[in-house]
Number of protein chains: 2
Amino acid sequence: MWFNYFGAMITLTEENYIKAIYQLGKYGTVNASTNSIADALETKASSVTDMIKKLADKGYVNYKPYQGVKLTQKGKKIAADVVRKHRLWEVFLVEKLNFSWDEVHDIAEQLEHIKSEKLINELDKLLDYPTHDPHGDPIPDKSGDIKKTDKTLLFNLDENAKGICVGVKDTSSAFLKYLDKYNIALGSKITVLSKEAFDDSMVIQIGETTINISQVVANNLFIKEQ
Amino acid sequence: MWFNYFGAMITLTEENYIKAIYQLGKYGTVNASTNSIADALETKASSVTDMIKKLADKGYVNYKPYQGVKLTQKGKKIAADVVRKHRLWEVFLVEKLNFSWDEVHDIAEQLEHIKSEKLINELDKLLDYPTHDPHGDPIPDKSGDIKKTDKTLLFNLDENAKGICVGVKDTSSAFLKYLDKYNIALGSKITVLSKEAFDDSMVIQIGETTINISQVVANNLFIKEQ
DNA sequence: ATATAAATTTAGATTAATCTAAAAATTTAT
DNA sequence: ATAAATTTTTAGATTAATCTAAATTTATAT
Ligand SMILES: [Mn+2]
Ligand SMILES: [Mn+2]
Ligand SMILES: [Mn+2]
Ligand SMILES: [Mn+2]
């Protein structure tokens, strides 16, 4: 039996639902729909409806039938804690255990559910209080706050614009390995040499080399413009 | 869905049962009884019977009704892996995250179920391949073997015998805190000054100081005689 | 050797989380 | 405005893990 911040019992499954709702609500203020939650968790809409009711009973979400859900303050705190743990563990795996950034997600999915406040705070200290995970995503602080930096998708940059790669939107192993192959990493300086209107591809310069990237790639790389 | 060494799916609960059976079979060759397993896991005998059947179906234990169970080779490997993970995580918590030896057990109970071979091997490397956990218990190697050292309970030492504290039998927080209070730690040099036949208490010397300990304490401290 | 006690198993329920299929509500398109 | 399509909910089952209470088997004591 494990108890959360508010002294209530919470299961691994409930945490996963709450995290999914949190991440769906990241952009915009719309409620998370039943189907979107089902997609995110690779489960069925009927399962989501059941769980949503339980989460509403426990005070983690506000729910009116057919209206989707939104996290309460309580729910947001739980979600931020899980995300904080997930991202700190990812940093640990890369910084201390020699993992590469495409290997950490699945293990962090497990580690994010370990319950111990001291553990996570000591881990934070061991890692010297990192602010971002290996994919450039911000790490919520103890109170659940994240300071969001101004970043844009590479896709939105104009010709001749310059910037630094600060994150990835798609964190799939396939995409991360593609980036490794072309020496694109967090911190890389990128210049847009040209844009092709026909297929929205781009020619960009990374350090000394020049490469052609597709619209798909450009839409999954976060850049801090300079 | 998680898969073990043999490619079979295994749940956290199954792992806990297998570990309990492993630890019950540590001394002697007798089968683990249904009730002893129930006690170890704080569950009911009827639940144990059900689970035992499932473990037998999966080939982790040999079971004949009313005869208790014994781990198969397959079961022993699973158990040793879980124990290895448990103890490596305990070392990590003490060595890298400033935990004391009385705080690590419950968290290791959670961490021992994290599935990643690379994770545990890298952790092993980070910790410089420790052979014992913070309570003096040996850490199984990758293939599940543990080299057991010759140790005896302090209770068995004669008057004037000397030894070094190499482990604790009772790993409860209460006992460990008692030991901290009297500056008894792994590595402490202990001399038996006298034994009291009446209540089996002892007077022992630790470094400069002399203390009286009860039979309960003497029966829970492992000593390497010198 | 029988009776009593203890250990173990079986039977039947319960809870969490899931699913499929069908019903109901909402949204979109004509 | 009505019909069609989509989304969401409900109904009914299933699986894993647990429990209580009763039945059965094994061990112990006279
Ligand atoms: Mn998760
Ligand atoms: Mn990440
Ligand atoms: Mn466990
Ligand atoms: Mn230990």
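Atoms considered below: every heavy atom in the structure, side chains included; atoms not considered: hydrogens, waters and symmetry mates. A, B, ... follow the sequence lines: proteins, then strands. Residue 1 opens every chain.
Not counting sequence neighbours, A:Lys96 has no partner by the salt bridge (charged side-chain N to carboxylate O under 4.0 Å, His left out) test. Not counting sequence neighbours, the partners of B:Glu122 by the salt bridge (charged side-chain N to carboxylate O under 4.0 Å, His left out) test are B:Lys125. Not counting sequence neighbours, the partners of A:Lys19 by the salt bridge (charged side-chain N to carboxylate O under 4.0 Å, His left out) test are A:Glu109, A:Glu112.
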Inset, instruction - Go along nucleotides 2-9 of chain C 5' to 3' and tag each nucleotide: B for a protein heavy atom under 4.0 Å from its base, S when only backbone or sugar atoms are that close, - otherwise. - result: -----SBB
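The distance from atom CG of B:Asn16 to atom P of D:dA16 is 17 Å, rounded to the nearest whole Å. What separates CE of A:Met9 from C1' of C:dT15 is a distance of 10 Å, to the nearest Å. Rounded to whole Å, the distance from CE on B:Met51 to C1' on C:dT10 is 17 Å. To the nearest angstrom, P of C:dC19 lies 10 Å from CG of A:Leu41. Atom-to-atom, OH of A:Tyr17 to C1' of C:dA16 comes out at 11 Å; the value is rounded to the nearest Å. Rounded to an integer number of Å, the gap from A:Glu14 CD to C:dT18 C1' is 14 Å. Nucleotide D:dT8 holds its C1' atom 12 Å from the CD1 atom of A:Ile37, rounded to whole Å. Atom NZ in B:Lys44 sits roughly 6 Å away from atom P in D:dC19 (whole-Å rounding).
Using a 4.5 Å heavy-atom threshold, the side chains of A:Leu153 and A:Lys169 count as touching. Using a 4.5 Å heavy-atom cutoff, the side chains of A:Ile146 and A:Asp141 are not in contact. For the pair A:Lys142/A:Arg84, a side-chain contact is recorded, criterion being any heavy-atom separation below 4.5 Å from C-beta on.
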Expected list for residues 215-225 of chain B: side-chain donor-acceptor pairs under 3.5 angstrom, two or more places apart:
{"unit_1": "B:Gln215", "atom_1": "OE1", "unit_2": "B:Asn219", "atom_2": "ND2", "d": "2.8"}
{"unit_1": "B:Asn220", "atom_1": "OD1", "unit_2": "B:Asp170", "atom_2": "N", "d": "3.3"}
{"unit_1": "B:Asn220", "atom_1": "ND2", "unit_2": "B:Val216", "atom_2": "O", "d": "2.9"}

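Taking 4.0 Å as the cut-off between side-chain N and carboxylate O, A:Lys53 and A:Asp57 do not count as a salt-bridged pair.
When heavy atoms are screened at a 4.0 angstrom cut-off, B:Thr13 is found touching the sugar-phosphate backbone but no base atom.
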Legend entry - 5'-to-3' dot-bracket of DNA chain C (Watson-Crick, G-U; under 3.5 angstrom; crossing pairs as [ ]; | other strand): ||||||||||||||||||||||||||||||
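By the 6.0 Å and 45° rule, A:Lys118 stacks over the aromatic ring of B:Phe99.
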